[in-house]
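Because the structure is predicted, anything quoted here is derived from the model rather than measured.
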Amino acid sequence: MKSLRRFDKRDLLFALLFLSFFGYLFVTGEPLYVGDTFQYENQMIMREPVYALLIQLCRAISPQYHYQMIILIQNLLAAAANTAVIGFMRKQFHLKLWESLVFAGILLVPHIMTPVFASTHLVLTNALMTEGILFSLYPLAFASLLDMIWSGKPVGKKGFRTLVFFLLLSLIRGQMMVLFVVWFLAAYVLAVKNGIAATDRTQDGKNTFVLAENIGKQGLVVILAAFIIAFAARSVLIHVYNYCEQGLFVDTASGKAMSFANVLYVADRADGEAIADDELRAVFYEMYDRADADRMNYKYAPPGLLGRARHHEECHDELNFTYFSDAARQYVGEKQGIYADRYQELMIALDEVAADLSAELMPEVLGRYVWNYLSVAALGFIRTVAYENSFLAWYAVLIYIAAAALTVMLWRRDPGSRAASFMAVVLLTIAGNVCATALMIQCISRYMIYNLPLFYMAGFLELREIMGKAGLRIWDIRN
């Protein structure tokens with residue numbers, strides 16, 4: 001991507017701006033050791049490899065100051081990545097200086113919102129966690145996806161570079177696997193679009209077989225193969241990493257336990273009768289009774305969509321790490337003889353218990369599960385574009401409707417509108433991120449706001465294009 005590789009002297013202003021902002025965070029802050037840090041430091045199988053390997057590398061270089069080295073890297077990466085994104089957007093959309101400054105401010109929003117508004121108050125680039133590098137790499141990877149789309153070539157260097165970029169992100173945090181699906185859909189649409197165009201240029205425009213052949217010639221088989229290989233490569237790399245670090249040739253563990261917490265939250269005690277195994281049923285009753293006594297159940301949620309979602313959020317981690325974990329550990333110890341001294345194997349065994357319980361209980365709780373899932377996902381959509389409260393919830397609904405309407409309007413006027421394609425891919429990615437995250441865990445802000453800057457940049461560009469086509473000159477402010 002030439003516009004991300006070449007440094008333009010006009011980007012120097014933004015490099016200095018971002019270096020000043022993130023340099024200030026580095027100089028005035030300190031490494032923030034959080035709950036996840038211990039797991040990455042010890043290369044545990046519950047976590048993806050890249051951040052753990054970064055910690056190992058920095059510790060090998062400087063055992064005494066490796067934390068400071070990590071946050072230095074994170075802040076420098078943020079400055080460099082954001083500068084590259086601004087350069088890419090400025091060149092693609094011929095942004096004026098003031099527009100570029102607006103985009104720079106939008107890119108900094110997650111780094112301002114999280115310490116100010118989030119319950120954790122984390123300075124992201126100073127936190128020893130995956131978000132320390134992901135919030136910088138994510139917009140850069142998305143710019144690569146846009147570059148692929150606007151090239152019009154579903155198969156080529158830009159497409160494969162983007163897929164490799166997404167693979168890297170998924171090896172930092174599993175949540176990023178949704179980007180594989182976004183890449184596949186974008187490449188598929190490009191192949192179909194190019195195939196239709198090629199067919200229209202011939203005398204066989206209405207011949208279905210010719211159309212199918214032309215679509216195939218656009219690399220549809222290669223796209224599908226690359227998609228499958230990316231998933232397989234990720235799995236193999238994680239298996240090899242866990243084998244090298246822990247001697248266990250396994251995938252990342254703990255996902256099934258996290259998702260079971262959602263099942264436990266919506267369960268009733270009577271649902272336990274569906275569990276065929278007597279011992280496993282007793283385990284369910286133990287965890288359910290403790291959780292119910294502490295009001296960690298859907299029955300105790302306040303009314304209203306936001307109230308239900310927040311109550312689930314307050315309960316989720318406790319259901320996973322306390323109520324499920326305590327009972328399941330005792331069960332695994334008695335049944336398989338695996339205790340905390342074999343911690344990695346214990347985590348794998350707990351995942352298996354969670355999978356067994358989910359399979360038995362899901363048919364009984366399905367209706368309540370879906371209703372709760374919709375509440376959690378709705379909060380995720382709100383948090384992607386706004387802070388959650390009753391007023392901003394309606395704002396989020398309206399702004400999503402406006403974004404979809406503007407996209408359709410622009411596409412009708414100009415099928416080649418870059419602003420419309422930008423917003424369409426952002427909306428697709430938001431939907432994928434929210435819906436996938438809600439299946440596994442709660443949709444807290446730091447999981448959701450990856451797409452917030454992209455959404456508002458795309459919205460800004462759509463408004464600019466609409467107003468430009470209407471002949472308004474508000475955008476003609478001089479530099």
Side-chain angles (χ1 to χ4, degrees), residues 99 101-124 131 135 138-139 175 262 265-266 295 298-317 370-410 419 422-424 426-439 441-464 466-467 474:
E99 293 170 327
L101 288 170
V102 169
F103 274 34
I106 292 172
L107 282 171
L108 292 177
V109 166
H111 300 280
I112 297 170
M113 281 184 61
T114 304
V116 175
F117 295 110
S119 59
T120 56
H121 301 295
L122 287 174
V123 176
L124 293 170
E131 284 83 351
F135 273 97
Y138 187 88
Q175 175 187 357
N262 294 336
Y265 176 76
V266 297
R295 304 176 70 84
Y298 77 99
K299 298 192 300 289
Y300 306 105
L305 183 147
L306 292 180
R308 291 194 303 270
R310 286 173 182 151
H311 185 260
H312 167 268
E313 187 173 295
E314 293 166 1
C315 297
H316 183 277
D317 283 352
V370 170
W371 183 241
N372 182 70
Y373 172 80
L374 293 174
S375 299
V376 174
L379 183 56
F381 279 108
I382 293 168
R383 282 178 170 163
T384 301
V385 298
Y387 187 74
E388 78 275 6
N389 63 42
S390 298
F391 172 76
L392 291 178
W394 285 110
Y395 160 80
V397 172
L398 293 174
I399 202 168
Y400 278 124
I401 293 172
L406 284 175
T407 302
V408 172
M409 186 185 306
L410 286 173
F422 186 2
M423 179 59 83
V426 170
L427 291 174
L428 173 65
T429 309
I430 289 172
N433 181 50
V434 170
C435 294
T437 303
L439 282 174
I441 197 169
Q442 68 271 41
C443 290
I444 61 176
S445 292
R446 66 184 171 94
Y447 300 159
M448 296 294 104
I449 60 174
Y450 288 101
N451 292 299
L452 182 148
L454 300 169
F455 177 84
Y456 284 103
M457 285 192 290
F460 180 97
L461 293 168
E462 287 196 322
L463 285 173
R464 186 180 78 159
I466 286 286
M467 299 182 81
I474 190 173

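From Leu410, atom CG reaches atom CG of Leu463 across 9.0 Å, with rounding to the nearest 0.5 Å. Taken to the nearest 0.5 Å, the CG atom of Leu124 stands 11.0 Å off from the CD1 atom of Ile112.
The shortest side-chain heavy-atom distance between Phe381 and Val397 does not fall under the 4.5 Å cut-off. A heavy-atom distance below 4.5 Å is not found between the side chains of Phe103 and Pro453. At a threshold of 4.5 Å between non-hydrogen side-chain atoms, the residues Leu379 and Met448 do not count as touching. The shortest side-chain heavy-atom distance between Met423 and Leu461 does not fall under the 4.5 Å cut-off. In this structure, Asn262 and Val376 have side chains that are not in contact, with every pair of non-hydrogen atoms separated by 4.5 Å or more. Under the 4.5 Å side-chain criterion, counting only non-hydrogen atoms from C-beta, Ile441 is not in contact with Gln175.
Nearest heavy-atom pair across Pro115 and Pro110 is CD-O, 4.3 Å. Pairing each heavy atom of Thr429 with each of Asn451, the nearest pair is CG2-OD1, 3.7 Å.
In terms of modelled atom types and a separation under 3.5 Å, the side chain of Arg446 and the main chain of Glu131 share no donor-acceptor contact.
Taking the six-membered ring for Trp and thresholds of 30 and 60 degrees, His311 and Tyr265 have ring planes inclined between 30 and 60 degrees apart.
Just one residue in the list His316, His312, Arg310 forms a side chain to side chain donor-acceptor pair (under 3.5 Å) with Gln442, and that residue is His316.
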message = I'd like to know whether Val102 forms a side chain to side chain contact (heavy atoms under 4.5 Å, CB included) with Phe460, so could you lay out the CA-CA distance, the side-chain angles of the two residues, the decisive distance to 0.1 Å, and finally the verdict.
response = CA-CA 9 Å; Val102 169; Phe460 180 97; 4.2 Å; yes
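Between the side chains of Tyr447 and Asn433, no donor-acceptor pair of N or O atoms lies under 3.5 Å.
Aromatic ring centres of Phe455 and Tyr400: separated by under 6.0 Å.
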